[in-house]
Protein chains: 2
Amino acid sequence: MRKSGRPTMVDVAADAGVSLKTVSRVVNGQPHVDPALAARVTASAEKLGFHRNALAASLRSGSRDTLGFVSADLTNTFYMTIAAAASAVAVGRGMQLIIASSEEDAATERTLTLDLCQRRVGGLIVVPTAADHTYLQAEVQRGTPVVFLDRPARGIQADELLLDNRGGARAALAELLAAGHRRIAVLLDKPDIFTMVERRAGVEEAFAAAGLTVDERVVVADMHTPQAAREAMTRLLASAEPPTAVFCANNRSTIGALEAIVAADADIALSGFDDFELSRLVPRRIRIVDYDAGELGRRAAELLLQRMVDPDGVEPTTVLLPTRLVDRGREVRPRG
Amino acid sequence: MRKSGRPTMVDVAADAGVSLKTVSRVVNGQPHVDPALAARVTASAEKLGFHRNALAASLRSGSRDTLGFVSADLTNTFYMTIAAAASAVAVGRGMQLIIASSEEDAATERTLTLDLCQRRVGGLIVVPTAADHTYLQAEVQRGTPVVFLDRPARGIQADELLLDNRGGARAALAELLAAGHRRIAVLLDKPDIFTMVERRAGVEEAFAAAGLTVDERVVVADMHTPQAAREAMTRLLASAEPPTAVFCANNRSTIGALEAIVAADADIALSGFDDFELSRLVPRRIRIVDYDAGELGRRAAELLLQRMVDPDGVEPTTVLLPTRLVDRGREVRPRG
DNA sequence: CTGAAAGCGCTAACAT
DNA sequence: ATGTTAGCGCTTTCAG
């Protein structure tokens with residue numbers, strides 16, 4: 001037992017009267033060890049309170065037993081659901097997941113990502129915030145597989161796992177148009193965000209397919225908070241020709257719009273992208289573009305693990321995860 | 001450049017024509033290096049695409065630059081908010097947070113926790129699921145500080161950071177009693193969970209303080225899902241003598257109870273422990289026992305960092321984080 | 001089946 | 001201000 005206070009394999013070997021290598025074999029459950037010796041080693045390890053130093057092990061063996069997940073927002077349930085699913089896959093293979101978050105800051109993303117590389121993670125799942133990812137190119141070439149999630153990456157050849165943003169929005173709008181709605185408001189977050197570009201394109205496509213065009217006067221962008229969406233919706237409802245339907249391009253917009261609609265007791269159809277907690281409790285029947293976030297995380301982790309085993313398996317691919325339209329909320333009857 | 005494909009400090013040193021140690025100094029930003037040499041080293045490092053191996057560094061130096069967070073449920077926003085706050089503190093000090101989750105399984109918790117110890121984390125934040133934590137005693141004594149979060153730990157001397165569960169419940173009940181309510185339903189999750197024991201005790205204390213006793217006929221336990229709570233609430237509302245108020249001991253119960261109340265359009269006061277997303281959108285005015293989850297995470301991380309610096313600072317303590325009663329939801333006027 | 005020696009990539013402790 | 005040497009704790013040869 002050294003100054004560090006922590007027993008090492010050398011200490012265990014000395015105590016058990018065997019060589020270092022035998023301890024290593026026993027600790028790692030390798031075969032071809034005499035049961036009697038193994039028992040002695042186990043007993044010594046137990047007695048001394050030995051715990052193998054995983055850092056030293058992977059330094060020497062070059063094995064990588066952690067995955068890194070760089071989220072864009074730690075408190076966003078969407079990303080955390082993904083992380084949970086990815087973590088489960090990793091733990092199922094005896095690995096662990098380090099979760100970090102850029103909090104939507106490109107510089108932070110870069111720092112955290114390179115930091116994880118210095119920790120020699122086996123692979124990275126990244127929700128990209130940075131506009132350019134050439135800084136990762138070298139790492140990828142040196143054998144750290146990277147999967148980009150939810151948003152595409154630029155300046156780098158890597159796997160991407162995205163939602164079918166365009167198809168989901170198109171389906172929602174097609175349904176509203178089929179129901180006869182023409183004056184359909186659209187609430188968007190920052191219009192340069194990838195998902196917004198795609199969802200807006202889906203809206204356009206649905207209108208085009210119906211031989212119609214979007215009424216730009218009721219398209220509102222930069223709805224980054226529910227509050228902004230609520231105010232915009234309130235204004236739309238109070239206008240001379242209020243829309244008969246609204247499409248909210250993310251759940252924050254949906255929540256804000258709903259607050260306005262409920263407060264004004266307006267008769268308006270609502271479809272929104274992204275489900276949210278308590279959507280079933282909303283006092284209106286609404287339609288939601290839903291998807292399986294956990295599936296996204298599972299697929300990302302599995303893709304990573306596969307790339308770790310077989311780096312040059314197939315070309316990097318972009319996978320689009322399908323969405324589906326579901327009912328949420330319920331009509332509330334008048335009180336008293 | 002070796003077979004591994006990754007350049008090491010030795011490679012950089014050779015390229016720059018300096019010694020290994022000089023490279024180390026430059027890479028780590030240590031003083032007393034001739035600017036000219038430093039520039040040469042930086043250039044070589046850049047050229048070769050050198051990235052310091054953090055594993056090797058901390059193996060040699062014995063420094064610990066990750067913290068471990070063992071959650072009980074990855075998709076629970078409460079724990080993730082805590083993790084986000086703890087992560088921010090860690091990153092602010094150049095460390096990172098490894099997040100794992102026991103998913104409420106004691107054996108998994110043990111495995112993950114010991115695994116993190118083998119990775120030589122600097123400290124651990126644990127939401128305990130296991131009934132006994134003597135298995136961590138040895139690690140704590142060897143210098144890995146552990147902070148238990150949200151629930152107390154047994155069989156071990158360590159810091160605990162808990163919510164004032166009892167006080168929060170007592171305040172909610174005191175308010176209902178002061179408003180004249182007497183027949184107050186109580187919806188509890190599994191009654192042997194620590195938080196439930198405490199919150200229930202708070203309920204009892206409020207009744208006792210008012211010289212009254214809890215009406216056990218309207219106390220329902222084992223409400224683990226919103227569905228269960230909804231069914232229980234529906235039954236209570238349909239009974240001969242329905243309660244005039246209900247206290248829900250966690251947000252899942254609150255959500256389920258609300259569904260039943262809204263569906264039945266019942267006139268009943270509701271107070272619930274834990275805020276939840278969209279609580280402001282609920283079509284009833286309700287009262288919530290709220291608290292600052294982020295503060296819990298920040299305090300946990302800071303406590304850990306302090307213990308890392310000064311292991312024998314003060315005795316392990318139990319901190320109770322205060323709660324407050326807030327208004328949520330809004331009355332919805334009848335439609336049409 | 002077991003062991004001795006070498007070394008993963010880095011930093012600490014000492015030179016110089 | 002720079003370099004040399006040793007060694008963190010483990011796994012990987014390679015020899016018995």
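In this text the structure is predicted, and so the values were computed from the model without any measurement.
The CG-C1' distance, from A:Leu37 to C:dT2, rounds to 8 Å in whole Å. Rounded to whole angstrom, the span from the CZ atom of B:Arg6 across to the P atom of C:dC10 amounts to 11 Å. Between B:Asp34 atom CG and C:dT16 atom P the separation is 22 Å, expressed in whole Å. Between the C1' atom of C:dC10 and the CG atom of B:Asp11 lies a distance of 13 Å, rounded to the nearest Å. Between the P atom of D:dG9 and the CG atom of B:Leu59 lies a distance of 7 Å, rounded to the nearest Å.
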Run the numbers on A:Ile156 and A:Thr134 for side-chain contact (heavy atoms from CB on, under 4.5 Å), then give the verdict.
-> CA-CA 6 Å; A:Ile156 189 170; A:Thr134 37; 5.9 Å; no
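With respect to the salt-bridge test (charged N to carboxylate O, under 4.0 angstrom), the residues B:Asp11 and B:Arg6 do not qualify. We find that A:Arg298 and A:Asp292 are joined by a salt bridge, their nearest charged nitrogen and carboxylate oxygen being less than 4.0 Å apart. Taking 4.0 Å as the cut-off between side-chain N and carboxylate O, A:Lys190 and A:Glu104 do not count as a salt-bridged pair. Look at A:Asp65 and B:Arg119 and you find a salt bridge, because one of the NZ, NE, NH1 or NH2 atoms lies within 4.0 Å of a carboxylate O, short of that distance.
With hydrogens and angles disregarded, no donor-acceptor distance shorter than 3.5 Å links the side chain of A:Glu160 to the backbone of A:Leu149. Between the side chain of A:Thr113 and the main chain of A:Glu109, a donor-acceptor pair closer than 3.5 Å is present.
Axis angle, first five pairs versus last five pairs of the helix from C:dC1-D:dG16 to C:dT16-D:dA1: 30°, rounded to 10°.
At most 12 heavy atoms of other shown residues, nucleotides or ligands fall within 6.0 angstrom of atom CD in A:Gln157.
Within the 4.0 Å cut-off from OP1 or OP2 of D:dG3, at least one side-chain nitrogen or oxygen of B:Thr22 is found.
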Base, backbone or nothing for each nucleotide of nucleotides 10-16 of chain D, written B, S, -, heavy atoms under 4.0 angstrom, 5' to 3'?
-> BBB----
